[in-house]
**Student:** 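Shown below is the structure under consideration.
We use all heavy atoms of the structure for the numbers below, so side chains are in, but hydrogens, waters and symmetry mates are not. The sequence lines fix the lettering, A, B, ..., with proteins before strands; numbering per chain opens at 1.
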Number of protein chains: 2
Amino acid sequence: MFNCLKEEELIAARLFELSKQTMPKFERCTGISQSRLEILRELFEAEEITQRELQKKVNIDHAAVTRHLKQLEEKGMVIRRKNPEDNRFTYVSLTEEGKAKIAAYCEEKHRFISKILNGFSENERSTLLNLLTRIQENVDKM
Amino acid sequence: MFNCLKEEELIAARLFELSKQTMPKFERCTGISQSRLEILRELFEAEEITQRELQKKVNIDHAAVTRHLKQLEEKGMVIRRKNPEDNRFTYVSLTEEGKAKIAAYCEEKHRFISKILNGFSENERSTLLNLLTRIQENVDKM
DNA sequence: TATCAATCATTGACCCATCAATTATAAGGC
DNA sequence: GCCTTATAATTGATGGGTCAATGATTGATA
């Protein structure tokens, strides 16, 4: 009746199901959430970066970024300081301790992803990446 | 250094990004969350079903199911009654009002999904579905 | 120069998910 | 017939996300 069994619907269902199942498993396996690890990785690559810039890169809400950083600061992984030229901006950077910890997280993440894509050929991987990228483009347009 | 630029990592990043962006857009476009709509669709197909069975089908936590149903009940879309043979179980079913509303939601969902998969050929869709299914199988094994 | 608009960061209110603990009921072994 | 065990549902604590409102600072302008 609702015509919900078409292939399109199945794809959407898979995508949804996949993220629903994968997110919590990722956290259990790696010991950190995907968003938080993404933040740390951006910080690692940027050396020092504005909170605003960071927010644009990881693409989650301002508020969520603020809260992540606050917790990371409490854990001693991150330092924040105001831009002396313009007090509205705050720069964020990793502490040495923070940098040291990231390696292990990335290692776990890497292992996790390999398991998920187990059995995929080179060809299949690039096909998949291509298809996902096109979906992403469609979503961006909305 | 952390070897995070491999294709595998890009695929994982896309998948994550996709779900992060799609979920909120889905809700804005359709007026309902994916999980809640999934619950309603299961109820529609099952006529009457145990909360436990429903939980297994939609594959979210018990607690979340309870809370969804409570809200759906308050909105008059759902009715719950205890199994007289075994009071531990509670049956859930849609009200007439609930049934009436689902059609519109599914319509919106359908439109949304079509936009997301815009430009995909029949072939590409089945390839994608196949690849996603294989990822799902890998995730299930973990 | 005093004010208004723009920008960044923070906070509060809310939604949805998880896990762990609790409650209620049923069933089985002694 | 009681006590342990198992199962369903609920509740509480916590984490992560959104949006909307607020604060703080800066820059432009009348």
**Student:** Donor-acceptor pair, B:Glu9 side chain versus A:His110 backbone, under 3.5 Å?
**Tutor:** no
**Student:** Once you round it to whole Å, what is the distance between P of C:dA26 and CG of B:Asn83?
**Tutor:** 9 Å
**Student:** Give the C-alpha distance, both sets of side-chain angles, the deciding distance and a yes or no for side chain to side chain contact (heavy atoms under 4.5 Å, CB included) between B:Thr127 and A:Leu128.
**Tutor:** CA-CA 9 Å; B:Thr127 301; A:Leu128 178 58; over 6 Å; no
**Student:** Establish, for the pair B:Lys101 and B:Tyr105, whether the NZ or CZ atom is under 6.0 angstrom from the six-membered ring centre and no further than 45 degrees off its axis.
**Tutor:** no
**Student:** Check this for me: does any side-chain nitrogen of one of A:Arg111 and A:Glu108 sit under 4.0 Å from a carboxylate oxygen of the other?
**Tutor:** yes
**Student:** Expressed as a whole number of angstroms, how long is the span from B:Asn87:CG to C:dA24:C1'?
**Tutor:** 9 Å
**Student:** To the nearest Å, how far apart are A:Asp61 CG and C:dT11 C1'?
**Tutor:** 12 Å
**Student:** Which of residues 62-78 of chain B sit near DNA chain C, with a heavy atom under 4.0 Å from it?
**Tutor:** B:Ala63, B:Ala64, B:Arg67, B:His68, B:Gln71
**Student:** Rounded off to whole Å, could you give me the CZ-to-P distance for the A:Arg88 and C:dC8 pair?
**Tutor:**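 Distance, rounded to whole Å: 7 Å.
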**Student:** Distance alone, cut at 3.5 Å: any donor-acceptor contact between the side chains of A:Thr90 and A:Arg81?
**Tutor:**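 No.
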**Student:** Would A:Arg80 pass as a cation-pi partner of A:Tyr91, given that its NZ or CZ must be under 6.0 Å from the six-membered ring centre and within 45 degrees of the axis?
**Tutor:** no
**Student:** Before accepting this row, confirm whether a basic side-chain N of the pair B:Lys56/B:Glu53 lies closer than 4.0 Å to the acidic partner's carboxylate O.
**Tutor:** yes
**Student:** Of the residues in residues 18-35 of chain A, which ones touch DNA chain C at a heavy-atom distance under 4.0 Å?
**Tutor:**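 Heavy-atom contacts with DNA chain C come from A:Arg28.
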**Student:** B:Phe89 or A:Ile60: which one's nearest nucleotide on DNA chain D is closer to the 5' end?
**Tutor:** B:Phe89
**Student:** Test the B:Arg52-B:Phe89 pair against the cation-pi criterion, namely NZ or CZ under 6.0 angstrom from the six-membered ring centroid and within 45° of the ring axis.
**Tutor:**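 Not flagged: B:Arg52 not positioned over aromatic ring of B:Phe89.
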**Student:** Give me the first and last nucleotide of DNA chain D, going 5' to 3', that has any atom under 4.0 Å from a heavy atom of chain A.
**Tutor:**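 With heavy atoms of chain A under 4.0 Å away, the range is D:dG16 to D:dT26.
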**Student:** Less than 4.0 angstrom from a charged side-chain N to a carboxylate O is my criterion; do B:Glu96 and B:Lys99 meet it?
**Tutor:** yes
**Student:** Assess whether a salt bridge exists between A:Lys70 and A:Glu74, defined as any Lys/Arg side-chain N lying under 4.0 Å from an Asp/Glu carboxylate O.
**Tutor:**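 Between A:Glu74 and A:Lys70 there is no salt bridge, as every charged N stays at least 4.0 Å from the carboxylate O atoms.
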**Student:** Determine: side-chain N/O of A:Arg52 to OP1/OP2 of C:dC8, distance under 4.0 Å, yes or no.
**Tutor:**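 A:Arg52 to C:dC8 OP1/OP2: side-chain N or O found under 4.0 Å.
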**Student:** Just do the side chain to side chain contact (heavy atoms under 4.5 Å, CB included) check on B:Lys109 and B:Gln34 with the steps written out, would you?
**Tutor:** CA-CA 9 Å; B:Lys109 176 187 174 186; B:Gln34 302 194 56; over 6 Å; no
